[in-house]
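Down below is the structure, laid out as structure tokens.
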Amino acid sequence: MTRNSGPTGRTGRLGLTGRLGLTGFAGFVARRAVGAVVTLFVLSVVIYAVFYVAPGDVAQITCGPRCSPAQVHQVAEQLKLDDPLYTRYVEFLRGIVAGHDYSTGTGVLHCDAPCLGLSYQTDQQVTDLILNKVPVTGSLALGAMVLWLILGVGTGVLSAWRRGRLTERVLTAVTLAGTATPVFVIGLLLMILVCGQLQWLPFPQYVPFTDDPQQWAWNLLLPWLSLALIESAKYARLTRSAMLETLAEDHVRTFRAYGVTERSVIGRHALRGALAPVIALSANDFGTMFGGALLTETLFGLPGLGRELVQAVRVVDLPVVVGMVLVTGFFVVLANAVADVLYAVADRRVVLS
């Protein structure tokens with residue numbers, strides 16, 4: 001007699017969430033949360049090890065090119081760069097959880113949790129620096145995502161619905177052209193046409209949402225369109241392919257056989273099944289873009305995370321670089337975890353996997 005037979009046969013597969021009584025959708029969410037935490041931990045280890053593998057160079061860069069070897073050694077001692085890498089990593093994690101104290105030579109500076117360190121160039125807390133840039137990049141990413149989903153999914157559904165007709169061929173040509181066009185080309189053309197020739201909008205200049213919501217939207221409209229027009233082409237092709245695959249399934253043919261209207265088949269049944277790959281891709285794109293849409297921010301002069309990361313790399317400001325990369329990884333992991341949950345909401349069969 002085997003112990004795994006009968007209703008309790010799945011006990012061995014439930015793992016920690018099953019033993020805690022979390023099954024079904026709650027267990028699914030718990031597993032995704034644990035997986036996200038583990039992924040972030042591994043990511044932090046890899047990033048920290050890669051960027052801090054050469055401590056001597058860090059001390060030289062921090063001190064400056066005119067420092068003597070004795071001064072460079074003193075800086076290395078102050079930054080504890082001579083300690084083993086794992087010791088510094090533990091201190092780094094402790095700073096994220098509980099904060100950290102830094103010696104300034106004349107006193108002690110406390111960095112509140114989550115502390116990602118101090119900038120070598122400005123002595124500013126990396127967390128504060130990132131938080132000042134997050135609203136800019138977040139506004140850009142969120143607005144662009146809404147637009148590209150509306151344009152891309154709508155175009156893909158229409159293209160699948162009008163398959164084999166002139167509408168589909170025109171939309172396919174447009175999406176192919178959009179996929180092949182760089183974002184800075186679209187951005188430049190929009191600025192020349194909308195801001196220069198027609199003068200419908202001022203040249204973009206970021207205005208915080210809390211200061212003036214209307215000006216916030218108007219100044220971000222062109223950056224949103226520049227990103228959305230490029231990304232929507234990819235989503236249109238993906239949605240069209242998924243829609244055609246879903247429309248060929250047996251249950252869709254059954255609905256048609258029972259006299260369900262084509263609009264209902266497309267909107268209520270086929271589209272829901274085709275949204276799964278769109279959700280997964282949009283989560284990854286949003287997380288990556290939140291890490292810094294460099295070209296768009298540079299083109300439109302937006303002071304976001306992308307521009308800050310490039311500046312930090314240029315001056316080799318390692319705490320800022322590490323903090324930026326970790327934040328980018330955090331949003332990518334978070335966005336994909338949310339996408340998994342939305343995927344399960346769209347198709348509850350995922351919960352059983």
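Each residue takes its place number in the sequence, starting with 1.
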Shortest non-hydrogen pair, A36 vs A337, comes out as CB-CB, 4.4 Å
Are I192 and F203 connected in the hydrophobic side-chain network, where two residues link if heavy atoms are under 4.5 Å apart?
no
Closest non-hydrogen atom pair between L151 and A228, with its separation
CD1-CB, 4.5 Å
Closest contact, heavy atoms only, G95 versus H100
CA-CB, 4.2 Å
Can you tell me how far apart OG1 (T296) and CD1 (I186) are? Round to the nearest 0.5 Å.
11.0 Å
Just jot down the salt bridge (charged side-chain N to carboxylate O under 4.0 Å, His left out) partners of R94, sequence neighbours excluded, or say none.
E91
Using a 3.5 Å distance criterion without hydrogens, assess whether the side chain of E297 forms a donor-acceptor pair with backbone atoms of G306.
yes
Ignoring hydrogens, what is the shortest heavy-atom contact between G35 and T39? Give both atom names and the distance.
O-OG1, 2.7 Å
Mind checking the CD-CD spacing from Q215 to Q205? Nearest 0.5 Å is all I need.
10.0 Å
Does R307 reach the side chain of V136, with side-chain heavy atoms less than 4.5 Å apart?
no
Interatomic spacing from CG in L158 to CZ in R240 - rounded to 0.5 Å
11.5 Å
Can you tell if the side chain of L118 reaches within under 4.5 Å of the side chain of Q124, non-hydrogen atoms only?
no
Atom CG of D211 and atom CZ of F209: how far apart are they, to the nearest 0.5 Å?
11.0 Å
Under the 3.5 angstrom rule, does the side chain of T328 hit a backbone N or O of M324 as a donor-acceptor pair?
yes
To the nearest 0.5 Å, atom CD1 of I230 lies from atom CG of L225 at 11.0 Å
CG on L222 to CH2 on W200, rounded to 0.5 Å:
11.0 Å
Applying salt bridge (charged side-chain N to carboxylate O under 4.0 Å, His left out), can you list everything that pairs with K133, at least two apart in sequence or on another chain?
E308
Under the salt bridge (charged side-chain N to carboxylate O under 4.0 Å, His left out) rule, collect the residues that match up with E245, sequence neighbours excluded.
none
State, to 0.1 Å, how close L140 and P223 come at their nearest heavy-atom pair, and which atoms those are.
CD1-CB, 3.6 Å
Same apolar cluster (I L V M F W Y, side chains within < 4.5 Å links), I96/Y86
no
Heavy-atom side-chain contact between M191 and F300 under 4.5 Å
yes
Donor-acceptor pair, distance only, cut-off 3.5 Å: does the side chain of S282 make one with the backbone of I279?
yes
When you group the ILVMFWY residues by side-chain heavy-atom contacts below 4.5 Å and let the links chain together, are L147 and L201 in the same group?
yes
Test item: L129 and L116 side chains (from C-beta on) under 4.5 Å apart, heavy atoms
no
Does Y235 offer a backbone N or O that forms a donor-acceptor pair with the side chain of T239 under 3.5 Å?
yes
Would you please test K234 and D285 for side chain to side chain contact (heavy atoms under 4.5 Å, CB included) and show each step?
CA-CA 11 Å; K234 177 172 58 178; D285 285 347; 3.1 Å; yes
One pair to check against side chain to side chain contact (heavy atoms under 4.5 Å, CB included): V327 and F331. What are the steps and the verdict?
CA-CA 6 Å; V327 168; F331 281 110; 3.4 Å; yes
Would you say the side chain of L93 lies within less than 4.5 Å of the side chain of V97, judging by non-hydrogen atoms?
no
Between F286 and W224, is there a shared hydrophobic cluster once you connect ILVMFWY residues whose side-chain heavy atoms come closer than 4.5 Å?
yes
Least distance between heavy atoms, G187 atom then S226 atom:
CA-OG, 3.3 Å
Does some side-chain heavy atom of Y206 sit less than 4.5 Å from a side-chain heavy atom of L220?
yes
Kindly say whether L229 contributes a backbone atom to a donor-acceptor pair with the side chain of S232 at under 3.5 angstrom?
yes
Hydrophobic clustering (ILVMFWY, side-chain heavy atoms < 4.5 Å, transitive) - are V322 and V134 grouped together?
yes
side-chain hydrogen bond (donor to acceptor under 3.5 Å, both in side chains) against W216, all qualifying residues, sequence neighbours excluded:
S139
Main-chain N/O of G304 paired to T137 side chain as donor or acceptor, under 3.5 Å
no
For Y89, side-chain hydrogen bond (donor to acceptor under 3.5 Å, both in side chains) partners two or more places apart
S44
I need the single residue from L309, V310, D317 that forms a side chain to side chain contact (heavy atoms under 4.5 Å, CB included) with V313. Which is it?
L309
Listed once per pair and sorted, the side chain to side chain donor-acceptor pair (under 3.5 Å) pairs that draw on residues 184-196, sequence neighbours left out:
none
